[in-house]
Amino acid sequence: MWPVDPPSRKAVARCASAWIECWSGRRDDRRATFVDPNGARMSNPTKPQPAVQTAITPTREQHYAEWYQQVVRAADLAENSPVRGCMVIKPWGYQLWENMQRVLDRMFKDTGHKNAYFPLFIPLSFLEKEAEHVEGFAKECAVVTHHRLQAGTKPDGRPGLVPSGELDEPLVVRPTSETIIGASFAKWVQSYRDLPLLINQWANVVRWEMRTRLFLRTAEFLWQEGHTAHATEAEAREETMKMLDVYADFAENWMAMPVIKGRKTDGERFPGAVDTFSIEAMMQDRKALQAGTSHFLGQNFAKASEIKFLDQNGTLQHAWTTSWGVSTRLVGGLIMTHADDDGLMVPPRLAPTHVVILPITPKPETAAAVNEACEKLAKRLREIAYAGRTVEVEVDRRDLRGGDKMWQWVKKGAPLRVEIGPRDLEQNAVSVCRRDRGTKERTAMSADALVAGVVALLEEIQQGMLAKAKAHREANTRVIDEPAEFRAFFTPNKQESENSPTEIHGGFAMSRFAMDAKDEAKLKDDLGVTVRCIPIEGPDDPGPCILSGKPATRRVVFAKAY
RNA sequence: CGGGCUGUAGCGCAGCUUGGUAGCGCGUUUGACUGGGGGUCAAAAGGUCGCAGGUUCAAAUCCUGUCAGCCCGACCA
C-alpha cells in the first residue's frame with residue numbers, strides 16, 4: 001500500500017510510525033520529479049500525493065504530537081536549548097507572550113492589583129511550612145546548595161570548576177511563591193486596614209519535569225502569579241472567582257479560546273489549597289488543557305506564614321489568602337486551538353503583526369513605485385487603533401522569493417497578508433489574503449477600502465476563530481449516561497501498538513459523578529481519563545454516577561488531559 | 001522515574017547488519033536567467049559522525065558508560 005522503497009531498519013524503528021516517513025510528507029520530497037520512459041516529467045509515481053499539500057507535516061490527523069512540534073518550529077516560536085527541558089522563546093513567540101502580558105496586566109490593574117517582585121530563591125525551611133504544599137512540589141524542585149565555583153578536580157577526575165562554599169540552608173528555585181510572598185505579607189499585614197492586599201508578580205518558575213514539551217510543559221517557564229490576602233473568607237472566595245472570570249474573559253475574548261470554568265476535584269487540587277478552580281479548554285486532539293488556575297487557599301498559608309491581623313473588634317485573626325496564575329502554557333494552548341496543517345494562526349487581538357505587506361517587484365523599473373505604495377499604506381494602517389494598540393504592520397522587503405516569503409507568514413499565522421505589485425498599482429488596488437481562508441484566495445480592494453475596513457476585517461477573523469473553536473468543542477462534547485458508551489467514547493478505535501502515538505479520539509464527556517476519589521483514581525488507571533472540572537455554570541442534574549451508580553447531583557467534565 | 005527508539009553539515013536523512021578516504025536532498029554563498037507564489041541553470045562553502053572510555057593496524061560502524069531529544073506510561077500547570 002505504501003511506497004516501493006523498503007524503509008530502512010532505522011526508519012521503521014523510528015518513533016514516528018514508519019508510514020509517515022514514507023508518505024510524501026517531507027517537504028523536501030514534495031517537489032521531487034522523475035523522468036518516465038518517455039522523458040516526460042512527472043510526480044514521483046511511487047509516492048502517493050496528499051490531496052492537499054500542507055506546510056506542516058505530519059498533519060494533525062497523522063501524528064498530533066509531532067505536528068505540534070513542527071508548528072512551533074515552522075512558526076519560529078521557540079526551540080530547545082542546551083539546557084535539558086528548557087526552551088528558548090524566539091521573537092515571534094515572545095511577542096505573543098508580551099501581548100498576553102500587556103492585556104492581562106491591564107486586567108489585573110483594573111481589578112485593583114499591583115505588581116511586585118519576590119526572590120527567585122526560597123529557603124528550604126519556607127517550603128516546609130505547609131505540609132501538603134511541600135509534598136506537592138518536593139519531587140520537582142531544583143535546589144541550590146553552593147554559592148561559589150573553584151578550580152579543582154571534578155568527580156570524573158578532570159580539572160575544572162567545582163562548587164564550593166556550601167550554603168547553611170539550601171535554596172529552592174521557586175516552583176511557586178506562596179511561601180516567600182507569605183513571609184512578606186506577614187510583615188505587611190497588621191491590621192484589617194491593611195487588607196485586602198492585592199499583589200501580582202510576573203516571573204519565571206522552575207519545576208523539574210520528567211517529560212517536557214515546548215510551551216506546554218518545560219522545566220522553566222514564565223508566568224504571572226497573583227497573591228492576595230483578605231479579612232474574610234467570603235471576600236477571599238469572591239477574589240478567587242473574580243480572577244477566574246478574568247482568565248475566562250481573556251481566554252475567550254483575546255485568545256479566541258473557549259473555556260469551561262469549574263472547580264477541581266480533591267484529587268486535582270493545588271497542594272495546600274482549600275479549593276482550586278480552573279479554566280479548561282479543548283485542544284484540537286480533543287484533550288483538555290488546564291489554561292489557568294485560581295486557588296482559594298483558606299487560612300492554610302496564612303497559618304504557615306503567620307499572616308495575622310487585628311480585626312475591628314481587636315481580635316487577632318489569620319488572613320484568608322488566594323493565588324492565581326497563567327503561564328506561557330497559554331501559548332501552547334493558542335497553538336493547539338488555532339493552528340492548522342499550514343501552521344499557526346494567531347488571533348488578531350494578540351497578533352505580533354496584524355498586516356504583512358509583501359511588495360511584488362518583478363521589474364526593477366516599477367520597484368520604487370511599488371515600495372513607495374507599500375510604505376504609504378503601512379503608514380496609514382499604523383495610525384489605526386485596534387485592540388488596545390495600533391494596527392501593527394510589517395513591510396517585508398527581504399530579498400526572498402515570493403513563494404517562500406508568503407509561506408513563512410502563513411506558517412507564522414499573521415492574520416492578513418497584503419500584496420502590492422505593479423498590476424495592483426495600475427488598478428489602484430491591493431490584494432488581500434486572510435490567514436483563515438485558503439492560501440490561494442485573494443481579494444482585490446482599494447487601499448482606501450482596506451484602511452477603512454481593516455479593523456472590521458481583523459475582528460471578523462477574531463470572531464471566526466472563536467466560533468470555529470467553539471464549534472469544535474461542541475462537536476466533541478457529549479452528554480453520556482451509559483457506562484458502556486462512556487468507555488467506548490474514551491477508547492481509540494484502532495488497536496495501537498505499544499509505543500505508537502494514540503489516535504485522536506474522545507473529547508469532553510458530560511457525565512454525573514458522585515465525587516468519590518477512589519472511583520476517580522480507578523478511572524485514571526483504566527482509561528487515562530480524569531475529571532477536568534466541576535463546571536460552575538449549569539444546573540444541578542441529579543442521577544446515578546457514571547462510574548459507581550451512586551447518587552450524584554451534578555454533571556462534570558471528564559476528559560483526557562495535558 | 002519505567003519501557004521503546006534516535007543522536008552523522010543550518011534542517012531532513014542515508015551509510016552501521018559484514019570496521020578500511022564522509023554521502024544525499026533542501027537550505028546557505030556567488031553568478032546568470034526568472035518573477036503574483038514553497039523558481040531554473042551553473043559553481044562553491046559547510047561535518048571533532050552527541051560526549052567519554054574500550055576493542056582493533058584501522059571505529060560513524062563493534063562494546064561499555066554518559067548526556068540530550070522523541071514516542072508510550074507514571075507524575076505534573
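Heavy atoms only: backbone and side chains are in, while hydrogens, waters and symmetry mates are out. Letters A, B, ... mirror the listed sequences (proteins, then strands); counts begin at 1.
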Any donor-acceptor pair under 3.5 Å between the side chain of Asp424(A) and the base of G36(B)? yes

CD1 of Ile504(A) versus C1' of C72(B): gap in Å, rounded? 16 Å

Quick one: Arg217(A) CZ to A74(B) C1', roughly how many Å, whole number? 12 Å

For the pair made of CZ in Phe270(A) and C1' in C76(B), what is the distance, rounded to whole Å? 12 Å

Which nucleotide sits closest to the side chain of Asn80(A): C70(B), G36(B), G38(B)? C70(B)

May I ask which nucleotide in the shown strands pairs with G47(B), Watson-Crick or G-U wobble, both distances under 3.5 Å? none

For A52(B), which nucleotide is its Watson-Crick or G-U wobble mate, given both distances must be under 3.5 Å? U64(B)

If you pin Gly85(A) and Thr439(A) to their nearest nucleotides in RNA chain B, which one's is more 5'? Thr439(A)

Test applied, ring pair (Phe, Tyr, Trp, His ring centres under 6.0 Å); reference residue, Trp324(A); option that passes from His227(A), His295(A), His113(A): His113(A)

For the C1' atoms, the ones on C63(B) and on U55(B), what distance do you get once it is rounded to whole angstrom? 7 Å

Would you state whether a donor and an acceptor, one from the side chain of Arg213(A) and one from the base of G69(B), lie under 3.5 Å apart? no

Among G36(B), C71(B), C70(B), the one nearest Ile360(A) by side-chain distance: G36(B)

Parallel, tilted or perpendicular for Phe250(A) and Trp254(A), by the 30°/60° rule? parallel

The side chain of Met210(A) lies closest to which of these nucleotides: G36(B), G37(B), A74(B)? A74(B)

May I ask you to say what Gln408(A) touches in the nucleic acid, namely base, sugar-phosphate or nothing, with a heavy-atom cut-off under 4.0 Å? nothing

If we take the C1' atom in both U56(B) and G19(B), what is their distance in whole Å? 9 Å

Have a look at Gln290(A) and say if it touches a base, only the backbone sugar-phosphate, or nothing, with a 4.0 Å heavy-atom cut-off. sugar-phosphate

Using a 4.0 Å heavy-atom cut-off, does Thr218(A) contact any base of the nucleic acid, only the sugar-phosphate backbone, or nothing at all? base

Using the P atom as the reference point in each nucleotide, state the distance between G25(B) and A42(B) in Å, no decimals. 12 Å

Got Asp285(A) and Arg60(A) here, is their nearest side-chain heavy-atom distance under 4.5 Å? no

Quick one: sort the Trp409(A) and Trp92(A) rings into parallel, tilted or perpendicular, breaks at 30° and 60°. perpendicular

So what does Leu289(A) hit on the nucleic acid, given a heavy-atom distance under 4.0 Å: a base, only sugar-phosphate, or nothing? nothing

With a 6.0 Å cut-off on the ring centroids, do His133(A) and Phe270(A) count as close? yes

Paired with Lys522(A), the salt bridge (charged side-chain N to carboxylate O under 4.0 Å, His left out) test is passed by just one of Asp519(A), Asp525(A), Asp526(A), namely Asp526(A)

Could you state the CG-C1' distance from Leu400(A) to U28(B), rounded to the nearest angstrom? 12 Å

Nearest to the side chain of Glu140(A) - A68(B), C76(B), G38(B)? C76(B)

Lys264(A) near the nucleic acid: base, sugar-phosphate alone, or nothing, with a heavy-atom cut-off under 4.0 Å? nothing

What integer number of Å spans the P atoms of G47(B) and C5(B)? 33 Å

Regarding Arg73(A), tell me which of base, sugar-phosphate or nothing describes its non-hydrogen contacts under 4.0 Å with the strands shown. sugar-phosphate

Distance, rounded to the nearest Å, where Gln69(A) contributes CD and C11(B) contributes C1': 15 Å

Nucleotide paired to A32(B) in any strand shown, Watson-Crick or G-U, under 3.5 Å: U40(B)

C1' atom, A60(B) versus G15(B): distance in rounded Å? 8 Å

When you check the phosphate oxygens OP1 and OP2 of C76(B), does a side-chain N or O of Lys524(A) lie under 4.0 Å from one of them? yes

Choose from G69(B), C71(B), C75(B) the nucleotide whose nearest atom is closest to any side-chain atom of Lys139(A). C75(B)

Classify the side chain of Glu419(A) and the base of G37(B) as holding, or not holding, a donor-acceptor pair under 3.5 Å. yes

For Pro422(A) and for Arg211(A), locate the closest nucleotide of RNA chain B by heavy-atom distance; then report the residue assigned to the nucleotide nearer the 5' terminus. Pro422(A)

Distance between the P atoms of U29(B) and C72(B), in whole angstroms? 38 Å

Asp399(A) CG to G27(B) P, straight-line distance once rounded to whole Å: 15 Å

So which nucleotide from G38(B), G36(B), C71(B) ends up closest to the side chain of Lys411(A)? G38(B)

Any donor-acceptor pair under 3.5 Å linking the side chain of Lys560(A) with the backbone of Phe490(A)? yes

Could you check how far CD of Glu280(A) sits from C1' of C76(B), rounded to whole Å? 13 Å

For A58(B), give its Watson-Crick or G-U wobble partner with both distances under 3.5 Å, or none. none

With rounding to the closest Å, how many angstrom separate the C1' atoms on C49(B) and C24(B)? 15 Å

May I have the distance from His63(A) (atom NE2) to C71(B) (atom P), rounded to whole angstrom? 6 Å

If you measure from CG on Leu289(A) to OG1 on Thr337(A), what distance do you get to the nearest 0.5 Å? 7.5 Å

C1' atom, C13(B) versus G27(B): distance in rounded Å? 14 Å

Go ahead and name the base partner of G69(B); Watson-Crick or wobble counts if both distances stay under 3.5 Å, otherwise write none. C5(B)

Could you tell me whether Phe221(A) contacts a base, only the sugar-phosphate backbone, or nothing, with contacts defined as non-hydrogen atoms closer than 4.0 Å? base

Under the 3.5 Å rule, do the base of G69(B) and the side chain of Arg84(A) count as making a donor-acceptor pair? no

Can Glu61(A) and Thr59(A) be said to form a side-chain hydrogen bond (donor to acceptor under 3.5 Å, both in side chains), step by step? CA-CA 5 Å; Glu61(A) 196 61 38; Thr59(A) 61; over 6 Å; no

